[in-house]
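Note sheet for the following structure.
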Amino acid sequence: YYPVFLDITDKRCVVVGGGQVALRKVKTLLEYGAKIDVISPEICPELAEFFPAKPEQIRVFPRHYQPGDLDGAFLAIVATDNHETNCQVSREARSQAVLVNVVDNAENSDFILPSLVRRGDMTIAVSTAGRSPALARKLRTRLEQDFGEEYGALVRLIDEVRRELKQRGITVDSETWQNALELDLLTGLVKLGQIEKARVLLKEGLSRHLLKKHKEARQV
């Protein structure tokens, strides 16, 4: 599988199914800003609660899937217990170049969904190519313990520093960034709420490593 992150903001995503699995898929799609159509003759109570709360993002069609339901869709997720329906949606999706995932059926899918750890704009995805979802979830649990909310704040801080340097016409190469990102120290400060101290530390580290690289280049 070729790992890729998709921008689905305001894109039409179709979820076929209305049970607990569909509920989990809808929740994730909502987090990433999709426009969702749910098609199912039966909708679980938890999923039904989303419709009045987010009318601008979710529409529900309380019926069985019909040919043409994927017209204009960007991707489709199929979460029913009906093998015939799953295959029908998969065939139609592929004929229309709509990305499709049939839950627990990689053979009829264009993509599989990894286990995710999300901290702000930082996302860590774990996949076992569908061979062991249990292991992927186990690893996700461990990563959730290792990477706290401070990483989301650190991403924002680094982005702000990058933008500031770019506005000043300062180019920082990848190696310099790697050397300046003292993660343990920076995340420790961010976790304590000392954002400005972390900002200063990061800028000082970048300046120090840029100066060192400049001196080495002059010596050569």
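Just so you know, these numbers use all the heavy atoms, side chains as well, and skip hydrogens, waters and symmetry mates. Keep in mind that this is a model prediction, so the values were computed, not measured.
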**Asked** Which of these, Val89, Asp110, Leu99, sits in a side-chain contact (heavy atoms from CB on, under 4.5 Å) with Arg94?
**Response** Asp110
**Request:** Could you tell me whether a side-chain N or O of Asp37 sits under 3.5 Å from a main-chain N or O of Val14, the two making a donor and an acceptor?
**Result:** no
**Asked** Stepwise, does the side chain to side chain donor-acceptor pair (under 3.5 Å) test hold for Asn82 with Thr80?
**Response** CA-CA 5 Å; Asn82 187 304; Thr80 81; 5.5 Å; no
**Message:** Looking at Lys54 and Glu31, is there a salt bridge between them, counting it only when a charged N and a carboxylate O are closer than 4.0 Å?
**Reply:** no
**Asked** Between Val117 and Glu144, what is the shortest heavy-atom contact and its length?
**Response** CG2-CG, 3.8 Å
**Prompt:** Side chain of Lys25, backbone of Val21: donor and acceptor closer than 3.5 Å?
**Reply:** no
**Asked** Any link between Leu183 and Ile158 through a network of hydrophobic side chains (Ile, Leu, Val, Met, Phe, Trp, Tyr) touching at under 4.5 Å?
**Response** yes
**Prompt:** Do you know which two heavy atoms are closest between Ala198 and Leu157, and how far apart they sit?
**Reply:** CB-CD2, 3.8 Å
**Asked** Would you say Leu192 and Leu181 are hydrophobically clustered, going by side-chain heavy atoms of ILVMFWY under 4.5 Å?
**Response** no
**Request:** Provide the closest heavy-atom pair for Lys203 versus Val161 in the form atom of the first, atom of the second, distance.
**Result:** CG-CG1, 4.3 Å
**Rounded distance (nearest 0.5 Å) linking atom OG of Ser40 with atom CZ of Arg63** = 10.5 Å
**Message:** Are Leu29 and Phe74 linked, directly or through intermediate hydrophobic residues, by side-chain heavy-atom contacts shorter than 4.5 Å (ILVMFWY only)?
**Reply:** yes
**Request:** Run the numbers on Lys35 and Glu56 for salt bridge (Lys or Arg N to Asp or Glu O under 4.0 Å), then give the verdict.
**Result:** CA-CA 8 Å; Lys35 299 288 189 180; Glu56 74 286 353; over 6 Å; no
**Asked** Taking only residues two or more places apart in sequence or in another chain, which ones pass ring-ring contact (aromatic ring centres under 6.0 Å, His included) with Tyr151?
**Response** Phe147
**Asked** How about Asp173 and Thr176: does a side-chain donor come under 3.5 Å of a side-chain acceptor?
**Response** yes
**Item:** Cationic N near anionic O, under 4.0 Å, Arg163 to Glu160
**Value:** no
**Item:** Cluster link Ile77 to Val38, ILVMFWY, side chain under 4.5 Å
**Value:** yes
**Request:** Examine distances only and state if a side-chain atom of Arg156 and a backbone atom of Gly120 form a donor-acceptor pair shorter than 3.5 Å.
**Result:** no
**Nearest atoms (heavy-atom pairs only) where Pro114 meets Val126** = CB-O, 3.3 Å
**Sidechain N-carboxylate O distance under 4.0 Å for Arg208, Glu204** = no
**Message:** When you measure from the side chain of Asn108 to the backbone of Asn105, do you find a donor-acceptor pair of N or O atoms at a distance under 3.5 Å?
**Reply:** no
**Leu189 CG to Leu202 CG distance, which is reported to the nearest 0.5 Å** = 11.0 Å
**Asked** For the side chain of Thr28 and the backbone of Arg24, is there at least one donor-acceptor N/O pair under 3.5 Å apart?
**Response** yes
**Connected via hydrophobic side-chain network under 4.5 Å: Leu113 and Val78** = no
**Prompt:** Donor-acceptor pair, Gln57 side chain versus Ala34 backbone, under 3.5 Å?
**Reply:** yes
**Message:** Testing the basics here: between Ala22 and Val15, what is the closest heavy-atom pair and its distance to 0.1 Å?
**Reply:** CB-CG1, 3.9 Å
**Request:** Mind listing the closest non-hydrogen atom pair of Leu70 and Val98 along with its distance?
**Result:** O-CG2, 4.1 Å
**Item:** side chain to side chain donor-acceptor pair (under 3.5 Å) evaluation trace for Gln88 with Glu92
**Value:** CA-CA 6 Å; Gln88 178 187 1; Glu92 185 171 343; 5.0 Å; no
